[in-house]
Amino acid sequence: MKLSLVVPCYNEAENVAEFQKTVIQTFENEAYEYEIVFVDDGSSDATYCNLKKIYEAQKCPVKVVVFSRNFGKESAIYAGIQNASGDYISLIDADLQQRPELVRDMVKILDENPDYDVVAAYQEHRNESKVLSACKKVFYSVINRLTNTELKADASDFRTFRRNVAESILHLGEFHRFSKGLFSWVGYNTCFIPYTACAREKGVSKWSFFKLVNYAIEGIVGFSTKPLRIATLFGTLTGVAALVYLLVVFIQKLVIGIDVPGYATLIILILFLGAAQLFCIGIIGEYVGRIFEQSKERPIYIAKEILDYRK
Ligand code: UDP
Ligand code: MG
């Protein structure tokens with residue numbers, strides 16, 4: 001049996017060596033083989049140099065996939081899975097917020113329970129602001145209502161799965177990737193275990209609030225067409241309301257006669273309908289944009305170099 005640890009790295013120069021050290025300590029006494037697949041996601045710091053040093057030192061089997069630019073964590077995950085040769089594959093961050101010791105437990109669960117194909121960790125306690133936690137809660141309830149793919153709240157990308165799951169994930173060649181949704185979509189029996197994210201070893205988180213909002217929209221639009229249905233319903237409702245109001249105005253005109261034209265009503269209607277139209281066009285645009293991106297059939301990532309311990 002062999003385990004592959006897939007590690008996306010974006011500006012993690014200060015963490016990669018420490019990460020490898022921890023992995024070696026964690027797995028040296030295990031009966032199975034393991035390899036680390038680092039993906040350098042177009043880092044602008046010394047990540048590449050440090051990964052090269054790690055690769056050349058060969059303290060443990062290391063593969064490094066080097067991107068030609070920053071393609072994002074989702075692309076890095078895809079490239080990592082594609083380059084992993086293990087029977088079990090684990091997704092783990094480079095910053096040691098997710099402890100390699102837990103991967104050992106995940107492997108044990110897979111070994112002992114042939115029924116499970118995926119062991120995923122979810123964050124039991126979050127060390128973040130109440131506002132952010134509340135936003136994430138809203139996101140999960142919205143996405144679970146809008147999509148048919150059930151997302152486990154607070155599940156992270158931190159997970160270990162069997163080869164067949166990896167093959168299924170690689171089959172989904174979509175350009176806009178939302179891993180949590182993809183894993184849920186492919187199915188398989190998943191065991192969820194709680195974990196608490198440790199503090200970041202070094203460096204800063206790459207997620208800003210706006211990046212998270214974009215990520216949330218990505219998740220919803222990527223897994224549901226219900227927003228389009230909502231736009232249709234919204235348009236229908238506005239149409240019905242307009243018809244009712246038309247009758248009211250018509251009767252007013254016939255019975256009492258209208259003396260002064262309703263300035264306030266007009267302005268409110270114009271603004272409201274304008275906003276409603278822009279909103280609906282925006283929803284349609286989200287989907288059209290994705291069709292456009294996907295139709296170009298560009299690759300999910302470009303690797304300019306692959307350092308492979310087997311060569
Ligand atoms: N990451 C990446 N590409 C990016 C952004 C992040 O490969 O464009 C990696 C990053 O190096 C780390 C993991 O994804 O290993 C998680 O990122 P981060 O720690 O910034 O996120 P957080 O833990 O704060 O959610
Ligand atoms: Mg992190």
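None of the values given here were measured: they were computed from a predicted structure.
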Test side-chain contact (heavy atoms from CB on, under 4.5 Å) on V248 and F250 and set out the steps. CA-CA 5 Å; V248 171; F250 193 65; over 6 Å; no
Could you give me the CA-CA distance, side-chain angles and deciding distance for F139 and K137, then say whether side-chain contact (heavy atoms from CB on, under 4.5 Å) is met? CA-CA 5 Å; F139 164 69; K137 227 179 182 157; over 6 Å; no
Report the C-alpha distance between K108 and E112 in whole Å, list the side-chain angles of each, state the deciding distance to 0.1 Å, and finish with yes or no for salt bridge (Lys or Arg N to Asp or Glu O under 4.0 Å). CA-CA 6 Å; K108 215 166 169 184; E112 288 168 3; 5.1 Å; no
Evaluate E12 against T47 for side-chain hydrogen bond (donor to acceptor under 3.5 Å, both in side chains), listing each step before the verdict. CA-CA 6 Å; E12 302 283 5; T47 303; over 6 Å; no
Passes side-chain hydrogen bond (donor to acceptor under 3.5 Å, both in side chains), Y88 versus D111? Steps please. CA-CA 10 Å; Y88 292 172; D111 271 343; 2.8 Å; yes
Is there a side-chain contact (heavy atoms from CB on, under 4.5 Å) between F178 and I143? Walk through the geometry before answering. CA-CA 12 Å; F178 180 71; I143 198 166; 4.2 Å; yes
Trace of the side-chain contact (heavy atoms from CB on, under 4.5 Å) decision for F161 with V119: CA-CA 6 Å; F161 43 92; V119 181; over 6 Å; no
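With hydrogens and angles ignored, the 3.5 Å screen pairs no side-chain donor or acceptor of S184 with any backbone N or O of K180. For the pair S295 (side chain) and F292 (backbone), a donor-acceptor distance under 3.5 Å is present. Side-chain atoms of S224 come within 3.5 Å of backbone N or O of L146 as a donor-acceptor pair. Side chain of S68 to backbone of K304: no donor-acceptor contact under 3.5 angstrom is found. Side chain of R162 to backbone of L110: a donor-acceptor contact under 3.5 angstrom is found. Distance alone, capped at 3.5 Å, is enough to place a donor-acceptor pair between the R104 side chain and the T26 backbone. A distance-only check finds a donor-acceptor pair linking the side chain of D95 to the backbone of Q97 [under 3.5 Å]. Of the possible polar contacts, one joining the N50 side chain to the A13 backbone as a donor-acceptor pair under 3.5 Å is found.
What you find for T149 and G181 is that their closest heavy atoms are CG2-O, 4.1 Å. Nearest approach of V165 to F183, heavy atoms of both residues: CG1-CE2, 4.1 Å. Of all heavy-atom pairs spanning G42 and Y10, the tightest one is O-CE1, 3.7 Å. Heavy atoms only, all atoms of each residue included: E74 and S179 are closest at OE1-OG, 2.6 Å. Across I300 and G173, no two heavy atoms sit closer than the pair CD1-O, 3.9 Å. The two residues A94 and N15 come nearest to each other via the heavy atoms O-CB, 3.4 Å.
A salt bridge between E174 and R177 is absent, with no side-chain N of the basic residue lying under 4.0 Å from a carboxylate O of the acidic one. Ion pair K73/D93 flagged as a salt bridge, since at least one NZ, NE, NH1 or NH2 atom sits closer than 4.0 Å to an Asp/Glu carboxylate oxygen. Ion pairing between K63 and D308 holds under the 4.0 Å rule for side-chain N and carboxylate O. Of the charged side-chain nitrogens involved, at least one lies within less than 4.0 Å of a carboxylate oxygen, so that E286 and R290 count as a salt-bridged pair.
Within a 6.0 Å sphere centred on OH of Y140, other residues, nucleotides and ligands contribute more than 12 heavy atoms. Around atom NZ of K130, no more than 12 heavy atoms belonging to other residues, nucleotides or ligands sit under 6.0 Å away. More than 12 heavy atoms of other shown residues, nucleotides or ligands fall within 6.0 angstrom of atom NZ in K226.
Judged by the 6.0 Å and 45° rule, K2 forms no cation-pi pair with Y34.
Using a 3.5 Å distance cut-off with no hydrogens or angles, the side chains of T160 and S90 do pair a donor with an acceptor. For the 3.5 Å distance criterion, the side chains of S168 and Y188 qualify, holding a donor opposite an acceptor. D41 and N70 are linked by a side-chain donor-acceptor pair at a separation below 3.5 angstrom, with hydrogens and angles left out of the test. Using modelled atom types and a 3.5 Å distance limit, the side chains of E35 and S4 yield a donor-acceptor pair. Using a 3.5 Å distance cut-off with no hydrogens or angles, the side chains of Q58 and Y309 do not pair a donor with an acceptor.
Side-chain contact between C9 and V16 is present, with heavy atoms from C-beta onward closer than 4.5 Å. Contact check for E56 versus I54: no side-chain heavy atoms found under the 4.5 Å cut-off. L91 is not listed as a side-chain neighbour of Q98, based on a closest heavy-atom distance of 4.5 Å or more. The side-chain heavy atoms of E33 and L3, taken from C-beta on, include no pair separated by under 4.5 Å. The side-chain heavy atoms of I230 and I283, taken from C-beta on, include no pair separated by under 4.5 Å. Using a 4.5 Å heavy-atom threshold, the side chains of V37 and V7 count as separate. Side chains of P227 and I220 form a contact here, defined as non-hydrogen atoms less than 4.5 Å apart. At least one side-chain heavy atom of V64 sits under 4.5 Å from a side-chain heavy atom of V66.
Interatomic distance, CG of D40 versus CZ of F38, reported as 10.5 Å (0.5 Å rounding). For the atom pair OG1 (T238) and CG (L233), the distance works out to 10.0 Å, reported to the nearest 0.5 Å. Note that CD1 of I24 and NZ of K59 are 6.5 Å apart. Values are rounded to the nearest 0.5 Å. Rounded to the nearest 0.5 angstrom, S133 OG and K136 NZ are separated by 7.0 Å. With rounding to the nearest 0.5 angstrom, the CD atom of E101 is 8.5 Å from the CD atom of Q25. The distance from the CG atom of L102 to the CD1 atom of I92 is 8.0 Å, given to the nearest 0.5 Å.
By the rule that hydrophobic residues join a cluster once side-chain heavy atoms approach within less than 4.5 Å of another member, L132 and Y215 end up as members of one cluster. One hydrophobic cluster holds both Y116 and M1 under the rule that ILVMFWY side chains link at heavy-atom gaps under 4.5 Å. Using a 4.5 Å cut-off between side-chain heavy atoms of Ile, Leu, Val, Met, Phe, Trp and Tyr, with links allowed through other members, W185 and Y287 fall into the same hydrophobic cluster. Residues L237 and L269 do not share a hydrophobic cluster, clusters being chains of Ile/Leu/Val/Met/Phe/Trp/Tyr side chains in contact below 4.5 Å. Criterion: ILVMFWY side-chain heavy atoms under 4.5 Å apart, direct or through other members. Under it, I281 and V288 are not part of a common hydrophobic cluster.
In this structure, Y195 and F158 have perpendicular ring planes: the angle between them is above 60°, well past the 30° mark.
A distance below 6.0 Å separates the ring centres of F67 and Y301.
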